[in-house]
Amino acid sequence: MRLGLKEGASMYQRFPTAVCCAFIASISAFAVSNGFCQQAESPPAPFRVEDQPPADPGPVPVPRSQESISSRALSLAQLEQMAENHNPTLAQAARRVEAVQGQQVQVGLYPNPVVGYQAEEVGDNGRAGQHGMFFRQEIVTSNKLGLNRAVAAHEVQQAEWDLQMQRQRILNDVRSRAYDVLAAQRTMEIAGELVRIGQTAVDVADRLNKARETSLVDVIQARVEANSAKLQLSAASKTHSAAWRRLTIVVGIPGMPPCPLTDSLDEDLPELSWDETWAALLGQSPQLAYAYSGVERARWAVARACAGRTPNIEAGAAIRYNDDSNDTILSLQVGVPLMVFDRNQGNIMKAHAELAAAQREIERIELTLQDGLAEVFRQYDIAREQVEQYRRDILPYAKQALELTRAGYEQGEFTYLELLTAQQTFSRTNLAYVSRLRELWLATVQIDGMLLSGGLEAPGR
C-alpha cells in the first residue's frame with residue numbers, strides 16, 4: 001500500500017494507533033466468529049460436598065503481652081478464642097488463601113500488547129531509511145484464561161479447606177491439652193488428700209504407740225507412707241506445670257501464668273455410636289472436602305490441557321515512513337503456530353493421570369479416616385465403660401472402706417496393715433479413675449474434631 005507524501009504524512013500523524021487497533025479488533029472478531037475463543041467443553045459433573053469452605057477470618061490480632069493476661073480462672077471456650085487469636089499457624093493458613101487468590105487473578109489476565117519503534121534500511125544510500133511504530137497482540141483462544149481461573153478457583157477452595165483444617169487442629173490440641181491440665185489438677189487434689197490422710201495416720205499411730213496400743217513399726221510405716229504421699233503430690237505438681245506449659249504454647253502465649261480451669265472432667269459423659277460417628281465424619285471431614293476439591297481442580301485441568309491443542313493467534317501491525325520515497329507504508333501480520341509436532345499431548349496425558357490419582361485419593365482418605373476412627377473409637381468405648389464402672393461399683397466402696405478402716409484403726413479395731421491396704425486401694429482407684437476420664441475426653445476430642453491434630457505444624461503439609 002503506497003500513499004502520497006501529504007496523505008501519507010497526514011495518516012501517519014493521525015491514524016497509526018487507530019489503524020493498528022482496528023486491525024487487531026478485526027482479527028479478534030474473526031477468531032470469535034470461527035470458534036477459536038469459545039469456551040471449551042466443561043468437565044463432567046463435579047463432585048459435591050454439602051459444607052462450603054469457611055471465609056477468610058481476616059488479619060489475626062497481635063498477641064497481647066503476658067502481663068495483660070489476668071490470673072483469674074479460664075474456661076475452655078476462652079482458651080479456644082485465645083488460640084484462634086494468637087496461634088501463628090492460623091494466620092499462615094489465612095495468608096496462604098490470599099496468596100492463592102492472587103494467583104487466581106494472575107492466571108486469568110490477558111497478555112499485554114507490545115508497542116514500539118521500528119527502523120529499517122537506515123543509512124542505505126545515505127538516506128534515513130524507514131521509520132515508524134509497530135503494535136503486536138497475542139489473541140488467546142479456546143477460553144484458556146477462563147479455564148485457568150476455573151483451575152485456580154478450586155485451588156483457592158482447597159486453601160480454604162486447609163484453613164478450616166488448621167483451625168480444627170488448633171482447637172483439638174487446645175482441648176486435649178486442657179483436659180491434660182484438668183487431669184493434672186484432679187491428680188493434685190487426690191495427692192493432697194492422700195497427704196492429709198497420711199499425716200492423720202501418722203498422728204494416730206503416734207498416739208496409739210504412746211498409749212502402748214500399737215508398735216513403733218506402725219509409726220515408722222505411717223511416716224513412710226506419709227512421705228511417699230508428699231512425693232506423689234510433688235510429682236503431680238510438676239506434671240501439672242508441664243501440662244499447663246504445653247497448653248499455653250499451643251494457645252500461642254507461652255509463659256502465661258498458671259490459673260485454674262473452670263471446666264470439669266466430671267461433665268456428662270458423651271454418648272457416641274459407631275454408625276452415627278462414621279456418618280458424621282464422612283459428611284463433615286474437611287480432609288475429604290479438600291480431596292473432592294482436588295478432583296474438581298483436576299477435572300478443570302484436563303479441560304485446560306485439551307484447550308491447549310488450539311493455538312493462540314499472533315496479530316501485528318506496523319506503519320513506517322519511507323524517507324527515500326517519501327511514502328508511508330502500512331504492514332499487517334497474522335500468525336498461527338502449526339500444530340504439527342506439539343499438540344499438547346504430554347500435558348493432556350499428565351492431566352488425565354492426575355485426575356485419576358485425585359479420584360483415588362478420595363478412597364485413600366476414606367480408608368485412612370475409617371482406620372483412625374476405629375482405633376480412637378476403641379479407646380473411647382473402653383474408657384467410657386470403665387469410667388461408668390468406677391463411678392458405680394468401685395469409687396464409692398473404696399471411699400467407704402477407707403473411712404471405716406480409718407475409724408476402726410483409731411479405735412484399735414484394725415491393724416495398720418489393714419489401714420494401709422485401704423489407703424492404697426483408695427489412691428489406686430481414684431488415680432485410675434482420673435486416668436480413664438482423661439482417656440475418655442481425649443478420645444472424644446479426636447472424634448468430635450474429625451481426627452485432626454498438629455496445631456503447631458505448618459499448614460498445608
Side-chain angles (χ1 to χ4, degrees), residues 73 179-244 258 260-269 379 382-442:
Y179 283 121
D180 283 341
V181 171
L182 289 172
Q185 285 181 187
R186 177 68 70 83
T187 302
M188 287 177 61
E189 294 171 2
I190 295 173
E193 186 174 357
L194 291 176
V195 168
R196 291 190 294 272
I197 292 174
Q199 188 58 49
T200 300
V202 169
D203 295 340
V204 172
D206 191 56
R207 176 173 56 80
L208 294 176
N209 177 255
K210 289 179 181 179
R212 298 183 181 276
E213 297 181 8
T214 188
S215 67
L216 181 60
V217 174
D218 287 352
V219 177
I220 295 174
Q221 185 66 40
R223 289 175 179 170
V224 169
E225 290 300 318
N227 290 334
S228 298
K230 292 178 182 178
L231 285 177
Q232 194 171 2
L233 176 60
S234 176
S237 177
K238 288 179 171 59
T239 300
H240 177 269
S241 297
W244 177 262
L261 301 183
T262 60
D263 299 87
S264 172
L265 291 174
D266 293 316
E267 298 174 353
D268 294 337
L269 300 182
Q379 298 171 4
I382 294 174
R384 180 180 172 82
E385 180 183 14
Q386 292 181 346
V387 165
E388 290 177 341
Q389 191 168 4
Y390 270 104
R391 286 182 174 181
R392 182 181 63 251
D393 301 328
I394 298 177
L395 292 180
Y397 295 117
K399 183 178 181 181
Q400 184 180 13
L402 177 60
E403 292 174 350
L404 291 174
T405 306
R406 185 168 55 189
Y409 178 72
E410 292 178 1
Q411 300 297 323
E413 299 177 0
F414 295 105
T415 64
Y416 182 75
L417 180 60
E418 292 172 310
L419 175 62
L420 178 60
T421 301
Q423 288 178 347
Q424 291 176 341
T425 300
F426 178 82
S427 170
R428 184 178 62 256
T429 55
N430 276 273
L431 291 176
Y433 171 67
V434 172
S435 178
R436 299 294 88 75
L437 270 178
R438 173 181 172 274
E439 292 173 2
L440 173 63
W441 285 113
L442 291 182

For Ala422 and Ala401 the tightest heavy-atom approach is CB-O, 4.2 Å
In terms of relative ring orientation, are Tyr179 and Trp441 parallel, tilted or perpendicular, with 30° and 60° separating the classes? parallel
Ignoring hydrogens and angles, tell me if any N or O in the side chain of Glu225 forms a donor-acceptor pair with the backbone of Leu420 under 3.5 Å. no
Measuring only between side-chain heavy atoms, which start at C-beta, is Arg186 closer than 4.5 Å to Asp266? yes
Compare every heavy atom of Ile190 with every heavy atom of Val434, then report the nearest pair and how far apart it is. CG2-CD1, 3.6 Å
In short, Leu419 meets Thr405 closest at the heavy-atom pair CA-CG2, 3.4 Å
Donor-acceptor pair, side chain of Ser237 and main chain of Leu233, under 3.5 angstrom: no
Rounded to the nearest 0.5 Å, what separation is found between the CG atom of Asp218 and the CG atom of Leu208? 8.5 Å
At what distance, to the nearest 0.5 angstrom, does CD of Glu439 lie from CZ of Arg384? 15.0 Å
Quick one: pull up OH in Tyr416 and CG in Asn209 and give me the separation to the nearest 0.5 Å. 13.0 Å
Let me confirm one number: the CE-NZ distance from Met188 to Lys238, rounded to the nearest 0.5 Å. 10.5 Å
Quick check: closest heavy atoms across Arg392 and Tyr397, and the distance to 0.1 Å? O-CE1, 4.4 Å
With salt bridge (charged side-chain N to carboxylate O under 4.0 Å, His left out) as the criterion, how do Glu388 and Arg391 come out once you've worked through the C-alpha distance, each side chain's angles and the decisive distance to 0.1 Å? CA-CA 5 Å; Glu388 290 177 341; Arg391 286 182 174 181; over 6 Å; no
Is the shortest side-chain heavy-atom distance between Thr421 and Glu418 below 4.5 Å? no
Can you confirm whether more than 12 heavy atoms, excluding those of Glu385, are under 6.0 Å from its CD atom? no
Which value, rounded to the nearest 0.5 Å, describes the distance between Leu442 atom CG and Gln379 atom CD? 9.0 Å
Pair Lys230, Ser234: side-chain N/O donor-acceptor within cut-off below 3.5 Å: no
Under 3.5 Å, side chain of Thr429 to main-chain N/O of Phe426, donor-acceptor pair present? yes
Nearest heavy-atom contact between Tyr409 and Phe414 is CD1-O, 3.2 Å
Between Ala226 and Val202, the two heavy atoms sitting closest are CB-CG2, 3.8 Å
Ion pair present between Asp206 and Lys210, side-chain N to carboxylate O less than 4.0 angstrom? yes
Can you tell whether the side chains of Glu410 and Arg406 come within less than 4.0 Å, N to carboxylate O? no
Would you say Ser435's side chain and Leu431's backbone share a donor-acceptor pair under 3.5 angstrom? no
So do Leu395 and Lys399 actually touch side chain to side chain, heavy atoms under 4.5 Å? no
Check whether any side-chain N or O of Thr187 sits under 3.5 Å from a backbone N or O of Ala183 as a donor-acceptor pair, and report yes or no. yes
Mind checking the CD-CG spacing from Gln424 to Leu194? Nearest 0.5 Å is all I need. 10.5 Å
